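Reviewing the structure listed below.
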Amino acid sequence: MSKRTPGSGSLSRAKTPEDKAKVRQAFVDAGRRLLAREDASQVSLRRIASEASYSPASIYQYFDDQRALFVAVREDDLTAAAEYFEEVASCDVDALFDALPEPPLPNRFAGDTLITAIYDVVLVPRTTPTKRWSDTCMMVELTIDAIIDNWVSGRGRDGHTRRSLSMKRKPR
């Protein structure tokens, strides 16, 4: 293993895949810290490298440009969020659905639907910063409420009150 540890200030190079992954993660973490404090237009790759205690040139071994690093930060955050949502869903989804008058659909499918909807509500505003989005937390709450309200209301069980895509599709 290389003598260098992320943020150590040592000038030795990361040589193993594990060391390279640690250095790359150090840049992502430094980028996240700067982006949390400042506007993205004020954050440069040079500043991110400095924040991570690496030379400015070293960051280009891991990222072609600023956009690639910003995407890596978002991807890292979204992966963590998806893992969290999956953990929450695997623990609490059965209790949530057991509280409903009648199970709306299989718990796994219902949980996956919630996770996907929440993930997309979080992902889209973060990946399209040029549009002014409404409050993400409020959008997540509205999405969850709409899905659960639909399940609680029982719409769709009789096949008449609900228009689903499967009802509209033409057989092939």
Side-chain angles (χ1 to χ4, degrees), residues 1-96 106-148 165:
M1 184 168 167
S2 160
K3 293 179 188 177
R4 181 171 181 71
T5 57
S8 70
S10 171
L11 296 176
S12 63
R13 297 182 81 188
K15 296 177 183 168
T16 67
E18 295 83 13
D19 285 346
K20 290 178 181 181
K22 288 178 184 177
V23 172
R24 185 180 190 282
Q25 189 62 47
F27 289 132
V28 170
D29 293 343
R32 180 182 299 106
R33 284 191 303 273
L34 288 173
L35 289 168
R37 294 189 309 246
E38 302 174 31
D39 184 76
S41 65
Q42 302 300 313
V43 178
S44 66
L45 287 179
R46 177 177 288 276
R47 290 201 43 232
I48 292 169
S50 176
E51 175 81 11
S53 299
Y54 286 91
S55 69
S58 64
I59 200 167
Y60 289 99
Q61 294 174 26
Y62 300 89
F63 300 98
D64 291 334
D65 55 24
Q66 187 180 39
R67 180 176 168 79
L69 188 131
F70 288 178
V71 167
V73 169
R74 287 187 181 133
E75 184 177 272
D76 198 50
D77 290 345
L78 291 171
T79 298
E83 289 170 359
Y84 175 75
F85 293 146
E86 288 173 9
E87 180 183 323
V88 167
S90 68
C91 297
D92 299 337
V93 78
D94 289 333
L96 169 69
N107 287 0
R108 165 104 186 179
F109 185 73
D112 287 349
T113 300
L114 279 173
I115 290 169
T116 303
I118 294 166
Y119 185 82
D120 285 344
V121 169
V122 172
L123 172 72
V124 171
R126 294 197 180 272
T127 56
T128 53
T130 55
K131 181 187 182 319
R132 288 191 168 269
W133 291 95
S134 299
D135 180 82
T136 303
C137 291
M138 290 177 67
M139 291 191 309
V140 168
E141 287 179 23
L142 180 64
T143 301
I144 292 170
D145 289 346
I147 291 170
I148 293 175
L165 289 177

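All of these numbers come straight from a predicted model, not from anything done at the bench.
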Pair listing, salt bridge (charged side-chain N to carboxylate O under 4.0 Å, His left out) test, anchored in residues 23-35, at least two apart
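Pairs touching residues 23-35 that pass the test: Asp29-Arg32, Arg32-Asp76, Arg32-Asp77, Arg33-Glu51.
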In chain order, what residues pass the side-chain contact (heavy atoms from CB on, under 4.5 Å) check against Thr143, with sequence neighbours excluded?
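Partners of Thr143 under the side-chain contact (heavy atoms from CB on, under 4.5 Å) test: Ala117, Val121, Ile147.
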For Leu142, all residues meeting side-chain contact (heavy atoms from CB on, under 4.5 Å), sequence neighbours excluded
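Residues passing side-chain contact (heavy atoms from CB on, under 4.5 Å) with Leu142: none at all.
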Output the distance between atom CG (Leu35) and atom CD (Gln42), rounded to the nearest 0.5 Å.
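One finds 11.5 Å between CG of Leu35 and CD of Gln42.
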State, to 0.1 Å, how close [X] and [Y] come at their nearest heavy-atom pair, and which atoms those are.
X      : Y      : value
Met138 : Asp135 : N-OD2, 2.8 Å
Pro56  : Ala49  : CA-CB, 3.8 Å
Phe63  : Ala72  : CE2-CB, 3.6 Å
Ala30  : Ile48  : CB-O, 3.6 Å

What pairs with Thr79 under side chain to side chain donor-acceptor pair (under 3.5 Å), at least two apart in sequence or on another chain?
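For Thr79 there are no side chain to side chain donor-acceptor pair (under 3.5 Å) partners, ignoring immediate neighbours.
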Among residues at least two apart in sequence or on other chains, which ones pass side chain to side chain donor-acceptor pair (under 3.5 Å) with Asp145?
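Asp145: no side chain to side chain donor-acceptor pair (under 3.5 Å) contacts found.
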Only counting residues at least two apart or in another chain, list the ones meeting ring-ring contact (aromatic ring centres under 6.0 Å, His included) with Phe70.
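Scan of Phe70 (ring-ring contact (aromatic ring centres under 6.0 Å, His included), adjacent residues dropped) gives none.
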Name the orientation class of the two ring planes belonging to Phe27 and Tyr62 (parallel below 30°, tilted from 30 to 60°, perpendicular beyond 60°).
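The arrangement is tilted - the two ring planes meet at 30° to 60°.
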With sequence neighbours excluded, residues passing salt bridge (charged side-chain N to carboxylate O under 4.0 Å, His left out) with Arg47
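Residues passing salt bridge (charged side-chain N to carboxylate O under 4.0 Å, His left out) with Arg47: Glu38.
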Does any pair with a residue in residues 63-73 pass side chain to side chain donor-acceptor pair (under 3.5 Å), and if so which ones, sequence neighbours excluded?
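Non-adjacent pairs meeting side chain to side chain donor-acceptor pair (under 3.5 Å): zero.
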